[in-house]
Amino acid sequence: MRCRAGVWTVVGAAALVACGTSGGGTPGGSGTGSGSAVPSAGASARPSPSGRTCAAGQAEVTVAPGGAVKERLCVRPGTVVSLVLEPRTDDRRWTAVHSSAPATVLVSGWRVDADGTAHAVLRCAGTRGGTATITALAKALDVAGAARGAFTLEVTVVPYPQEG
């Protein structure tokens, strides 16, 4: 049983690493700024009833310095989103990521690399729809006080249409 869990962990990690970004627009998003969201090779993007294209399976959002401070992303239930926050050019550092609605989008992983790049894993609800605001906080290390929101990702989970 441990062997299977280890194999699935490696497969999951490899799938997250295989997620790439392209210069194209953001599926279901505004398509502006330097943030980008793309479904991975195993994912699919299908139009929602409102006509928006929503990512399904896995998606990656990359935030670069000087980019838009707010992005939108449309996903299907069960989608796993990898949020990559590239190192900031000012004296502030990424400190945390919070979800306004953990029942809709749960932040299940957080790490900051030695170079300042931060990674968060966002798991979307498996059956329900809704909207959650994901806020990435940044703070100057030598200044007292609370961290402030530096980037906001509005994730809309759109359920699959039901027939019958």
Side-chain angles (χ1 to χ4, degrees), residues 5 8-22 25-40 43 52 54-159:
W8 285 114
T9 302
V10 171
V11 169
L16 284 176
V17 170
C19 292
T21 59
S22 66
T26 305
S30 61
T32 61
S34 59
S36 63
V38 293
S40 68
R52 292 187 294 182
C54 297
Q58 293 182 347
E60 183 176 84
V61 177
T62 301
V63 179
V69 295
K70 185 172 185 176
E71 289 284 335
R72 292 186 175 150
L73 178 65
C74 177
V75 297
R76 294 295 188 173
T79 301
V80 177
V81 179
S82 177
L83 178 61
V84 179
L85 304 164
E86 293 182 356
R88 297 181 55 89
T89 55
D90 56 7
D91 64 338
R92 297 168 69 192
R93 300 291 177 252
W94 299 111
T95 58
V97 174
H98 295 290
S99 174
S100 65
T104 305
V105 179
L106 179 67
V107 178
S108 66
W110 170 255
R111 80 172 195 274
V112 180
D113 294 340
D115 69 349
T117 302
H119 303 269
V121 177
L122 312 173
R123 298 187 183 279
C124 301
T127 57
R128 68 170 47 187
T131 300
T133 301
I134 307 300
T135 306
L137 305 175
K139 178 182 182 300
L141 299 177
D142 59 347
V143 178
R148 303 181 95 177
F151 175 75
T152 303
L153 178 65
E154 186 178 305
V155 180
T156 303
V157 181
V158 179

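Side chains included, hydrogens not; waters and symmetry mates left out as well; all remaining heavy atoms used.
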R111 CZ to T117 OG1 distance, which is reported to the nearest 0.5 Å: 9.0 Å
Taking all atoms of both residues into account, what is the closest heavy-atom pair of A136 and W94, and its distance? CB-CZ3, 3.7 Å
Quick one: do R76 and V158 satisfy side chain to side chain contact (heavy atoms under 4.5 Å, CB included)? Show the steps, please. CA-CA 5 Å; R76 294 295 188 173; V158 179; 3.7 Å; yes
L85 side, atom CG; R93 side, atom CZ - distance, nearest 0.5 Å: 13.5 Å
Flag the pair L137 / H98 as yes when at least one side-chain heavy-atom distance between them is below 4.5 Å, and no otherwise. yes
Ignoring hydrogens and angles, write down the donor-acceptor pairs under 3.5 Å from the side chains of residues 119-132, residues two or more places apart or on other chains.
{"from": "H119", "atom 1": "NE2", "to": "D113", "atom 2": "OD2", "distance (Å)": "2.9"}
{"from": "R123", "atom 1": "NE", "to": "S108", "atom 2": "OG", "distance (Å)": "3.0"}

Can you give me the closest heavy-atom contact between W110 and A118, atom names plus distance? CH2-CB, 3.4 Å
Got P65 and E86 here, is their nearest side-chain heavy-atom distance under 4.5 Å? yes
Without placing hydrogens or testing angles, list every side-chain donor-acceptor pair under 3.5 Å for residues 147-155, not counting sequence neighbours.
none

